[in-house]
Structures are given as C-alpha cells and as structure tokens.
Amino acid sequence: MVKVIMHGCNGKMGQVITRMAASDPELKIVAGVDARAQALNDYPVFGDISDCDAEADVVIDFSNAAAVDHLLDWCQEKQMPVVLCTTGLSEEQLKKVEDAAKRTAVLKSANMSLGVNLLMKLLQDAAKVLAPEGFDMEIVERHHNQKVDAPSGTAIALADALNGALEEDYEYVYDRSGQRKKRDSHEIGISAVRGGTIVGEHEVIFAGEDEVIEFKHTAYSKALFAKGAVAAAKFLAGKGPGRYDMSDVIQL
Ligand SMILES: NC(=O)C1=CN([C@@H]2O[C@H](COP(=O)(O)OP(=O)(O)OC[C@H]3O[C@@H](n4cnc5c(N)ncnc54)[C@H](O)[C@@H]3O)[C@@H](O)[C@H]2O)C=CC1
Ligand SMILES: O=C(O)C1=N[C@H](C(=O)O)C[C@H](O)C1
C-alpha cells in the first residue's frame, strides 16, 4: 500500500485523484495539504505542508507555482519522494527542482498522460526529418478559463522535445503582436487559447511548402492526468534521490 500526501487536495486535480484513490486498493491518501480550507475529504487536511505529520511514502503535487519552493524545501528535508505536476515554474524554480533531486526522488512532468508522452517521442522523429527541410514548427494549446499559467507546461515540454531532437537551437516566440517582420526559420511559435471548460488540447503544426502535417492530442477529462499521477506515485515510492519523468513510468 503506497501512502500519499495530496498537495493541492482541494483543487480540481486534487479532487479527481481523491476520488480515484478511494477505489484503489494499492494506494491511500493519508493526508492532504491545501491553502483553501474546505471540508471535502475523509483524510486530514493541513494548511501548510510543514504542519503535516502524517507518515507517507510520496507526495503528489497539483497546486500552484507559488507553492512549489516551500514544497521542495520540505521534501528535501524529509527526503520525501515527490511527483511534481504543477506547471508555470520559473527558470529559478526549475533549477531548484534539479537541486532537490540530489537529495530526494523528484518526478516532474507537465503532462501525466500516455498520449502526450508518446507524442513527444513521435515529434522528435518528425522534427528530425521536417525541420532540416525547412518546415516551420508552431504549437497551439487550448485550455479552460480557470488556468493561470500560459503557455501550458505541456506546450513548453513539446517545444523542448522538438528542440532536443534538432542540431541547432530554436527560439520560442510567444507573441508576434509587437513585431513587423517575417518569421525567422529558427523559431517555434507557441500560442495559448483560454476558454470555457476545455480540458486540454495541444496541436503541433509542421508547415512546409505546399504541405502541412499536424499532430494533435486532446484530453477529454482530467482523469487521464490523475491516472498518470497515481502510476507515477506508485513508481516513485521507495526510490532514492534522482530526477525522474513519465518515460520512467510508461513503456513507450
Ligand atoms: N502535469 C499534469 O498532467 C497536469 C498539471 N496540472 C497543473 O496542476 C496545477 C493545479 O491544477 P488544478 O488542480 O486545475 O488547479 P486548482 O486551482 O483547481 O487547484 C490548485 C489547488 O492548490 C491549492 N494551493 C494553492 N496554494 C497552495 C499552497 N501553498 N499549499 C497547498 N495548496 C495550495 C489551491 O488552494 C487549490 O485548491 C496547475 O499548475 C496545472 O497547470 C493540471 C492538470 C494536469
Ligand atoms: O491546467 C491544466 O488544466 C493543465 N495543465 C497542464 C499544462 O499546463 O500543460 C497539463 C494539462 O494540459 C492540463
């Protein structure tokens, strides 16, 4: 039985995972942490991770970028493995993730779904063929109107996957409104759409001369992220210090 602290337990993802865990005999949420006090759960909830005295094997985090520094400090100090799913982290915070992984197990992934993690692999093959042939690469992501970070962590991870497969470095361009010049060939455009209850869509467009190839992932519910996070928590429990990602959990 894997014992979990759910960080951000009263949020949208925290509640989907709470419901999923209730019918999983291999995993139990022993405590939750949330800045918002709400009696939603049948486990104890703390306002701050420092007050949490539950005995646990792993933390699952779906909270807010502003909460991540404190969480990483606590996980390092307790040598508590952490599945870090919160997006919108700054460069400084990304460095802190690497530092924390020297003292405890950290699995960070902007998208816990099988589909997006497979897509990253497929895109690398496509980019290796298409970018040297002059195809322009653009990413469009769409999310619900409650999302606070833009572009999505997944869009950045997809761009990083493209960049990582290519010989030369590509610059990310988020906004062309202030520009009066043609697109540079060595850029990856990233655009964000926000509206309604869209769970999450990511489109990667390779636009060449007289032909366009598009890859698209659509999430129809948040359950697919929860399923990935639960699998990641089971994988990470008991692991030593190190930096892990979903490719360690999912066979691709
Ligand atoms: N990696 C992935 O597959 C996915 C990542 N996400 C990311 O997860 C994060 C949360 O998403 P949602 O659940 O939709 O957001 P949400 O806003 O519904 O929930 C976040 C929860 O965190 C709580 N929180 C804020 N500050 C806190 C603190 N200092 N300590 C503890 N709890 C705190 C809030 O009170 C709230 O209940 C976002 O960054 C989102 O982008 C969301 C879905 C999938
Ligand atoms: O905030 C969300 O909802 C999501 N956030 C993640 C991201 O920023 O990539 C993953 C998913 O698309 C849903």
Side-chain angles (χ1 to χ4, degrees), residues 62-66 68-69 84-98 108-113 115-219 224-225 243 245-247 252:
F62 281 92
S63 59
N64 185 291
V68 166
D69 290 280
L84 200 61
C85 305
T86 296
T87 55
L89 305 190
S90 66
E91 287 299 324
E92 213 174 16
Q93 287 180 308
L94 294 175
K95 175 152 187 327
K96 202 172 166 86
V97 169
E98 303 307 325
K108 183 178 93 60
S109 176
N111 198 301
M112 310 307 284
S113 74
V116 161
N117 283 281
L118 175 63
L119 181 58
M120 286 188 199
K121 204 175 160 193
L122 299 175
L123 286 176
Q124 294 201 311
D125 288 341
K128 279 182 197 150
V129 176
L130 300 173
E133 291 295 323
F135 280 65
D136 295 320
M137 295 176 288
E138 293 277 321
I139 299 173
V140 181
E141 58 96 338
R142 299 179 184 83
H143 282 88
H144 51 91
N145 60 20
Q146 299 301 299
K147 187 162 176 62
V148 290
D149 55 315
S152 67
T154 307
I156 296 168
L158 292 170
D160 289 346
L162 293 170
N163 228 344
L166 299 168
E167 303 269 315
E168 293 159 286
D169 258 4
Y170 281 63
E171 192 194 341
Y172 302 166
V173 175
Y174 305 102
D175 178 14
R176 293 201 173 86
S177 64
Q179 299 184 8
R180 289 292 173 271
K181 60 173 187 179
K182 287 181 190 166
R183 183 193 198 286
D184 187 89
S185 61
H186 279 69
E187 59 185 54
I188 300 175
I190 306 179
S191 313
V193 176
R194 294 288 172 268
T197 57
I198 301 170
V199 177
E201 294 179 9
H202 291 90
E203 234 175 300
V204 181
I205 303 160
F206 292 89
E209 203 172 314
D210 298 330
E211 59 179 334
V212 172
I213 304 174
E214 292 171 320
F215 292 77
K216 184 174 181 186
H217 180 267
T218 304
L224 82 164
F225 308 130
R243 181 72 165 76
D245 61 34
M246 284 308 279
S247 68
L252 294 171

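Numbers here simply count residues along the sequence, with the first being 1. Just so you know, these numbers come straight off a predicted model, no measurement behind them.
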S.K.: Rounded to the nearest 0.5 Å, how far apart are OG1 of Thr154 and CG of Leu119?
M.R.: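 Answer rounded to 0.5 Å: 10.0 Å.
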
S.K.: Would you name the heavy atoms of Ala65 and Gly88 that are closest together and state the gap between them?
M.R.: CB-O, 3.5 Å

S.K.: What pair of heavy atoms forms the shortest contact from Gly189 to Arg183, and how long is it?
M.R.: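 So the minimum-distance heavy-atom pair works out to N-NH2, 3.9 Å.
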
S.K.: Roughly how far, to the nearest 0.5 Å, is the CG atom of Leu122 from the CD atom of Gln124?
M.R.: 9.5 Å

S.K.: Determine whether a donor-acceptor pair (N or O, by modelled atom type, separation under 3.5 Å) exists between the side chain of Asn117 and the backbone of Asn111.
M.R.: yes

S.K.: Ignoring hydrogens and geometry, is there a side-chain-to-backbone donor-acceptor pair from Glu141 to Ser152 under 3.5 Å?
M.R.: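 Yes.
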
S.K.: Quick one: does Gln93's side chain have a donor or acceptor within less than 3.5 Å of a partner on Val68's backbone?
M.R.: no

S.K.: Could you work out, with side chain to side chain contact (heavy atoms under 4.5 Å, CB included) as the rule, every residue matching Val212, not counting sequence neighbours?
M.R.: Ile205, Ala207, Glu214

S.K.: Take atom CD in Gln179; do more than 12 heavy atoms of anything else shown fall under 6.0 Å from it?
M.R.: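 More than 12 within 6.0 Å, yes.
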
S.K.: When you measure from the side chain of Lys108 to the backbone of Val97, do you find a donor-acceptor pair of N or O atoms at a distance under 3.5 Å?
M.R.: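 Between the backbone of Val97 and the side chain of Lys108 there is no qualifying donor-acceptor contact (under 3.5 Å).
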
S.K.: In Å and rounded to the nearest 0.5 Å, what is the NZ to CG distance from Lys128 to Leu123?
M.R.: 11.5 Å

S.K.: Taking only distance into account, with no hydrogens and no angle test, what donor-acceptor pairs under 3.5 Å do side-chain atoms of residues 156-165 form with protein atoms, sequence neighbours excluded?
M.R.:
from: Asp160; atom 1: OD1; to: Tyr172; atom 2: OH; distance (Å): 2.6
from: Asn163; atom 1: OD1; to: Tyr170; atom 2: N; distance (Å): 2.9
from: Asn163; atom 1: ND2; to: Tyr170; atom 2: O; distance (Å): 3.0
from: Asn163; atom 1: ND2; to: Tyr172; atom 2: OH; distance (Å): 3.3

S.K.: I'd like to check Lys147 versus Thr87 (side-chain heavy atoms, cut-off strictly below 4.5 Å). Are they in contact?
M.R.: yes

S.K.: Of all heavy-atom pairs between Glu201 and Thr218, which one has the smallest distance, and what is that distance?
M.R.: CG-CG2, 3.9 Å

S.K.: Got Glu171 and Asp184 here, is their nearest side-chain heavy-atom distance under 4.5 Å?
M.R.: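 Glu171 vs Asp184: side chains apart.
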
S.K.: When rounded to the nearest 0.5 angstrom, what distance separates OG1 in Thr197 from NE2 in His144?
M.R.: 9.5 Å

S.K.: Taking Asp245's backbone N and O only, do any of them form a donor-acceptor pair with Ser109's side chain (distance below 3.5 Å, no angle check)?
M.R.: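 Side chain of Ser109 to backbone of Asp245: no pair is present.
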
S.K.: Work out which heavy atom in Phe225 is nearest to a heavy atom in Phe62; give both atom names and the distance.
M.R.: O-CZ, 4.4 Å

S.K.: Taking all heavy atoms of Ile188 and all of Ile139, pick out the closest pair and write down the distance.
M.R.: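 For Ile188 versus Ile139, the nearest heavy atoms are CG2-CD1, 4.1 Å.
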
S.K.: State the CG-CD distance between Asp69 and Glu92, to the nearest 0.5 angstrom.
M.R.: 7.5 Å

S.K.: Could you measure the distance from the NZ atom of Lys216 to the NE2 atom of His202? Nearest 0.5 Å is fine.
M.R.: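 Rounded to the nearest 0.5 Å, the NZ-NE2 separation comes out at 11.5 Å.
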
S.K.: Test of understanding: with salt bridge (charged side-chain N to carboxylate O under 4.0 Å, His left out), list the residues that count as partners of Glu203, not counting sequence neighbours.
M.R.: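 If we apply the salt bridge (charged side-chain N to carboxylate O under 4.0 Å, His left out) test to Glu203, skipping adjacent residues, the hits are Arg142.
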
S.K.: Run the salt-bridge test on Glu187 and Arg176 with the 4.0 Å N-O cut-off and return the result as yes or no.
M.R.: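 Looking at Glu187 and Arg176, the cut-off is met.
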
S.K.: What closest approach, in Å, do Leu224 and Ser113 show between heavy atoms, and which atom pair accounts for it?
M.R.: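 Scanning both residues completely, I find the closest heavy atoms to be CD1-CB, 3.4 Å.
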
